[in-house]
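Below you'll find the structure, written out as structure tokens, and then a few comments.
Below, each value reflects all heavy atoms present in this structure, side chains not excepted, and no hydrogens, waters or symmetry copies.
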Amino acid sequence: QVQLVESGGGSVQAGGSLRLSCEASGDTAVGYCMAWFRQGPGKERERVGGIDSLGQPNYARSVEARFTISQNNAKNTLYLQMNSLKPEDTAVYYCAAGPPPGACWYPQQEVYFSAWGQGTQVTVSS
């Protein structure tokens, strides 16, 4: 099994930046792929973006050009750099991991992710 722990959430004014981290531990040798999801107040959980099996990041249109997803060389830590934050980015952000192929190829649908972090709150004020 894979365990995930997110960190780095907080409160920021619109236009500000935050960086989230997600550290994976446990049985990560099976080639799990990782992604970020978020759930805003009163909304369904949505995919923010992830990294596929080729190491390429992909993003939801709502965050493209503002957010950057990266991974460390050991592929056990996933990062989410969020710039130009907007109030509508307010959400609980979750890190997720899942096995190939479903979790490793775009669009990395939520159903293919079997491991989830506890979530970290991001609040953007106007």
Side-chain angles (χ1 to χ4, degrees):
Q1 290 186 341
V2 177
Q3 293 80 44
L4 304 171
V5 178
E6 302 104 335
S7 60
S11 298
V12 65
Q13 289 190 329
S17 299
L18 282 173
R19 189 189 195 210
L20 306 184
S21 299
C22 172
E23 185 172 356
S25 60
D27 190 12
T28 59
V30 293
Y32 275 41
C33 292
M34 299 174 72
W36 289 99
F37 292 80
R38 68 183 182 184
Q39 187 167 19
K43 299 180 181 180
E44 294 186 354
R45 190 156 58 186
E46 63 177 355
R47 188 181 67 89
V48 175
I51 293 185
D52 65 22
S53 59
L54 297 178
Q56 298 300 310
N58 59 81
Y59 305 93
R61 289 185 180 180
S62 59
V63 305
E64 201 165 21
R66 299 187 297 122
F67 290 10
T68 302
I69 295 173
S70 60
Q71 202 167 31
N72 67 344
N73 289 337
K75 296 186 178 181
N76 61 357
T77 304
L78 187 71
Y79 303 99
L80 178 63
Q81 177 66 44
M82 303 183 291
N83 298 329
S84 302
L85 282 162
K86 304 176 181 179
E88 50 263 44
D89 294 318
T90 294
V92 177
Y93 284 71
Y94 297 92
C95 174
C104 296
W105 291 105
Y106 182 83
Q108 293 181 295
Q109 292 178 326
E110 179 177 341
V111 65
Y112 297 116
F113 289 86
S114 53
W116 292 83
Q118 80 285 1
T120 185
Q121 176 70 44
V122 171
T123 301
V124 184
S125 58
S126 58

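At least one side-chain heavy atom of Ser7 sits less than 4.5 Å from a side-chain heavy atom of Ser21. Residues Ser70 and Gln81 have side chains not in contact (no heavy-atom distance under 4.5 Å, counting atoms from C-beta outward). Between Cys22 and Met34 there is a side-chain heavy-atom pair separated by less than 4.5 Å. At a threshold of 4.5 Å between non-hydrogen side-chain atoms, the residues Trp36 and Arg47 do not count as touching. Residues Thr68 and Tyr79 form no side-chain contact, since every pair of their non-hydrogen atoms from C-beta on lies 4.5 Å or further apart. With contacts defined as side-chain heavy-atom distances shorter than 4.5 Å, the pair Leu18/Leu85 qualifies. Proximity of Ser126 to Glu88: side-chain heavy atoms (C-beta onward) are nowhere separated by under 4.5 Å. Using a 4.5 Å heavy-atom threshold, the side chains of Cys95 and Trp116 count as separate.
Across Val122, Leu78, Val48, Ile69, a single residue satisfies side-chain contact (heavy atoms from CB on, under 4.5 Å) together with Leu20, and that is Val122.
Here the closest non-hydrogen pair linking Pro87 and Ser125 is CG-C, 4.5 Å. Of all heavy-atom pairs between Gly98 and Cys104, the closest is O-SG, 4.3 Å. Of all heavy-atom pairs between Val2 and Ala24, the closest is CG1-CB, 4.2 Å. Summarising the geometry of Gly117 relative to Glu6, their closest heavy-atom pair is CA-OE2, 3.3 Å, with the distance given to 0.1 Å.
Distance CZ/Phe67 to CG/Leu80: 6.0 Å, rounded to 0.5 Å. If you take CG on Asp89 and OG1 on Thr123, they are separated by 11.0 Å, rounding to the nearest 0.5 Å. Remark: Asp52 CG to Cys33 SG distance equals 7.0 Å, nearest 0.5 Å. To the nearest 0.5 Å, the span separating CZ on Arg66 from OG on Ser84 amounts to 7.0 Å. Taken from CD in Glu44 to CZ in Arg38, the straight-line distance is 14.0 Å, to the nearest 0.5 Å.
Applying the side-chain hydrogen bond (donor to acceptor under 3.5 Å, both in side chains) test to residues at least two apart or on different chains, the pairs with a partner in residues 99-110 are Arg45-Glu110, Asn58-Gln108.
A single hydrophobic cluster is not seen to contain both Val63 and Tyr94; linkage of ILVMFWY side chains at heavy-atom distances under 4.5 Å, directly or through other members, places them apart.
Counting non-hydrogen atoms of neighbouring residues, nucleotides and ligands closer than 6.0 angstrom, the CD atom of Gln118 exceeds 12 such neighbours.
Here Val111 sits in one hydrophobic cluster together with Tyr112; the rule is ILVMFWY side chains under 4.5 Å apart, joined directly or through other members.
Under a 3.5 Å cut-off, the side chain of Glu46 and the backbone N or O of Gln39 do not form any donor-acceptor pair. A distance-only check finds a donor-acceptor pair linking the side chain of Thr90 to the backbone of Val124 [under 3.5 Å].
Relative ring orientation between Phe37 and Phe113 is described as perpendicular, the plane-to-plane angle rising above 60° on a 0-90° scale split at 30° and 60°.
Applying the salt bridge (Lys or Arg N to Asp or Glu O under 4.0 Å) test to Glu23 and every residue at least two apart in sequence or in another chain returns nothing.
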